[in-house]
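Bear in mind the structure is a predicted one, so any value in this text is a computation, not a measurement.
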Amino acid sequence: MNQDKLRGVLAASVTPMDARGQVDEGAVGALMDYYADSGLRGAFFPSSTGEYFALSPAQRSACVRAAARHKGGRLTLLANVSDGCLETVLENTRAAGDLGADAAVLMPPQFFALTQDELYGFFTRAADEAPLPLVVYNHMTRLPSKIEIPLLARLKAHPNIAGIKDTHNDAARLMALSTLMPGEDGFVILTGGDGMAGFGSLYKMEMLNALCAVRPDLFLEIYAAGRRGDLGQVARLQQRVDRLTGLFTCLKGGANSAALFSQSVKAALALKGLCGTRSAITGETLDEADLAAVRRVLDGV
């Protein structure tokens, strides 16, 4: 794979659901058009924000299929193939490739915590057989197994592991990751924490997060300012991003609800007329009071 297809600002997309609780494929297409028109480089379906863990295999496939139909030559499509069973991971990866994905994103298994050597075996066995390039996905707060820096240095040597999506708000870890920045191998580091957008831009890393779907202009600006080395502008833009993270706690239940994390992003996109607010996890939709709370956050940015 040409790793340049993973460079820039990419959206970790929500998964629109229809009134029957199925993937709204028309809304997936609308989101893809919106991402492309906004200048984003690609999209990740179904992401963590996209509630992939609450979707059936058929729903995941429907999501990737709909996204692939609308990507054309405009966007890179990353497909989530994560599972605790390696054979299922490979089945998912083959299906994603057949549906038109450009790369596969793989998390560590999610029940038991594994050692670093066990994680190395899991990822490299997947990469050995996967028909798509793999992006490994590390989440420092939500997953029991963490990809530490020495492990990533080992994984980076595998010819079919193209990069990492690294989600956290740890500036020290980001600095350490910068020592693995692309050489001739072109390994790509995609910062996933919205609070790390500014730091990542200054380290010349790429972005793959949820809130760039809400304000793509803001993240494209911070990406460009970091490439210029404009520290003052990056700091000012990061302050606006930090205000935008108020979306995650503005709804009833606030930070205590994982479902509302995704629904707040859906609500912001619903206000643009792009999708509905139905949760894949709970099946609930948001009311006018919820939308008003989301609008207040957006107005404050």
Can you check whether Met207 reaches Ser201 side chain to side chain, under 4.5 Å on heavy atoms? yes
Under 3.5 Å, is there a donor-acceptor pair between the side chain of Gln263 and the main chain of Thr277? yes
Tell me if a side-chain donor or acceptor on Glu206 pairs with a main-chain N or O of Ile189 at a distance below 3.5 Å. no
Atom pair OG1 (Thr245) and CZ (Arg240), whose distance is rounded to the nearest 0.5 Å: 13.5 Å
dist Asp24:CG -> Cys275:SG (nearest 0.5 Å) comes out at 8.0 Å
If I compare all heavy atoms of Leu208 with all of Ala12, which pair ends up nearest, and what's the gap? CD1-N, 3.7 Å
Is a side-chain N or O of Asn92 found less than 3.5 angstrom from the main chain of Val81, in a donor-acceptor match? yes
Could you tell me whether the side chain of Arg227 and the main chain of Lys204 form a donor-acceptor pair under 3.5 Å? yes
Electrostatic pair Lys71-Asp102, nearest N-O below 4.0 angstrom: yes
Exam field: side chain Ser264 to backbone Leu247, donor-acceptor pair closer than 3.5 Å: yes
Nearest 0.5 Å, please: how far is CG in Leu155 from OG1 in Thr124? 7.0 Å
Do Leu132 and Leu99 share a hydrophobic cluster (ILVMFWY, side-chain heavy atoms under 4.5 Å, transitive)? no
Between the main-chain N or O of Asn138 and the side-chain N or O of Lys146, is there a donor-acceptor pair closer than 3.5 Å? no
Taking side-chain hydrogen bond (donor to acceptor under 3.5 Å, both in side chains) as the test, write out the residues that go with Asn80, two or more places apart. Ser82
Side-chain touch Pro108/Phe123, heavy atoms, less than 4.5 angstrom: yes
Could you pull out the closest heavy-atom pair between Ala210 and Asp194, with the gap in Å? N-OD1, 3.9 Å
Kindly indicate whether the side chain of Arg74, heavy atoms from C-beta on, has any atom under 4.5 Å from the side chain of Asp33. yes
Might you point out which heavy atoms bring Cys212 and Leu40 nearest each other, and give the distance in Å? O-CD1, 4.1 Å
Counterpart residues, side chain to side chain contact (heavy atoms under 4.5 Å, CB included), relative to Thr167 (two or more places apart): Tyr137, His139, Lys165
Would you say Glu87 has more than 12 foreign heavy atoms packed within less than 6.0 Å of its CD? yes
Does a salt bridge link Arg154 with Asp117, judged by any charged N lying under 4.0 Å from a carboxylate O? yes
All heavy atoms of Ile161 vs all of Ala127, minimum pair found to be CG1-CB, 3.7 Å
Do Leu114 and Pro144 have side-chain heavy atoms sitting under 4.5 Å apart? no
Expected output: side-chain Arg60 to main-chain Ala96 donor-acceptor under 3.5 Å: no
With a 6.0 Å cut-off (strictly less than), is the heavy-atom count around CZ of Phe199, excluding the residue itself, greater than 12? no
Have a look at Tyr223 and tell me which of Leu237, Leu218, Val9 forms a side chain to side chain contact (heavy atoms under 4.5 Å, CB included) with it. Val9
Are Met140 and Val136 joined in one hydrophobic group, where the rule is that I, L, V, M, F, W and Y side chains link up if heavy atoms are under 4.5 Å apart? no
Restricting to pairs with a member in residues 290-301, which pass salt bridge (Lys or Arg N to Asp or Glu O under 4.0 Å), not counting sequence neighbours? Lys252-Asp290
So the side-chain hydrogen bond (donor to acceptor under 3.5 Å, both in side chains) pairs with at least one residue in residues 172-181 (sequence neighbours excluded) are Asp166-Arg173
Does Arg278 use its side chain to pair, donor to acceptor, with the backbone of Thr285 at less than 3.5 Å? no
Can Leu211 and Phe248 be said to form a side-chain contact (heavy atoms from CB on, under 4.5 Å), step by step? CA-CA 10 Å; Leu211 290 182; Phe248 300 144; 3.6 Å; yes
What I want to find out is whether Glu25 reaches Arg69 closely enough, with some N-O distance under 4.0 Å, to be called a salt bridge. yes
Quick test of your reading of the model: are Arg125 and Glu118 salt-bridged, counting only N-O distances below 4.0 Å? no
Can you sort out the partners of Ala43 under side chain to side chain contact (heavy atoms under 4.5 Å, CB included), two or more places apart, ordered by chain and number? Met32, Tyr35, Phe45
Exactly one of Ile164, Val135, Asn209 should register a side chain to side chain contact (heavy atoms under 4.5 Å, CB included) with Leu190. Which one does? Val135
Roughly how far, to the nearest 0.5 Å, is CG of Leu10 from OG of Ser47? 12.0 Å
Closest non-hydrogen contact found for Thr93 with Ala130 is CG2-CB, 3.8 Å
Are the side chain of Thr76 and the backbone of Lys5 linked by a donor-acceptor contact shorter than 3.5 Å? yes
Note, Leu177 side chain near Tyr203 side chain (heavy atom, < 4.5 Å): no
Is Arg142 positioned over the aromatic face of Phe261, cation under 6.0 angstrom from the ring centre and no more than 45 degrees off axis? yes
Minimum side-chain heavy-atom gap Gln238-Leu202 below 4.5 Å: no
Under the side chain to side chain contact (heavy atoms under 4.5 Å, CB included) test, residues paired with Asp230 that sit two or more places apart: Ala225, Arg228, Gln233
Lys266 side chain to Thr15 backbone, donor-acceptor under 3.5 Å: yes
